[in-house]
Amino acid sequence: MSLLMKPCCECCGTATLPEATNALICSFECTFCKKCAALMNSVCPNCRGTLVARPTRAAHLLDRHPVSTKREVKSNGCDANEV
Ligand SMILES: [Zn+2]
Ligand SMILES: [Zn+2]
């Protein structure tokens with residue numbers, strides 16, 4: 001099994017491309033962009049787990065190991081104002 005590599009931030013829908021370094025994930029692969037993760041103090045709003053920088057996937061591996069294209073964005077976003 002490889003990482004799902006979700007295509008966008010669950011909060012704001014910002015694209016988190018496989019080669020981009022702006023994505024953070026928790027252990028359940030909830031995916032957030034750097035900006036939202038910072039607002040949430042690097043804590044996943046879904047499971048309260050720690051968000052860490054997602055590793056990138058090299059472009060030459062994407063053919064054999066394609067990333068997820070299913071966009072999952074919370075309808076009401078993440079409550080980034082809650083501290
Ligand atoms: Zn975001
Ligand atoms: Zn999570």
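Counting convention: from 1, in listed order, for ligands and their atoms alike.
Protein atoms of type N/O/S that fall under 2.8 Å from the Zn ion (ligand 1) number 4 in this view. Here 4 is the count of protein N, O or S atoms positioned under 2.8 Å from the Zn ion (ligand 2), waters not counted.
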Acceptor/donor pairs from residues 53-63 side chains to any protein atom, 3.5 angstrom cut, sequence neighbours excluded:
from	atom 1	to	atom 2	distance (Å)
R54	NH1	K6	O	3.0
R54	NH2	T16	O	3.0
R54	NH2	L17	O	3.1
R57	NH1	H65	O	3.0
R57	NH2	L3	O	3.1

Do any side-chain atoms of residues 32-40 form donor-acceptor pairs under 3.5 angstrom with protein atoms, and if so which ones, sequence neighbours left out?
none

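Pairing each heavy atom of L51 with each of C30, the nearest pair is CD2-O, 4.4 Å. Contact record, P18 with V67: CB-CG1, 3.8 Å, taken as the closest heavy-atom pair.
A distance-only check finds a donor-acceptor pair linking the side chain of T31 to the backbone of E29 [under 3.5 Å].
Expressed to the nearest 0.5 Å, how far SG of C9 lies from CG of N22 amounts to 8.5 Å. Atom SG in C8 sits 10.5 Å away from atom NZ in K70 (nearest 0.5 Å). Within the model, atoms OG of S42 and CG of L24 stand 6.0 Å from one another, a figure rounded to the nearest 0.5 Å.
Annotation: side chain of E10 is not in contact with side chain of V73 (no heavy-atom distance under 4.5 Å).
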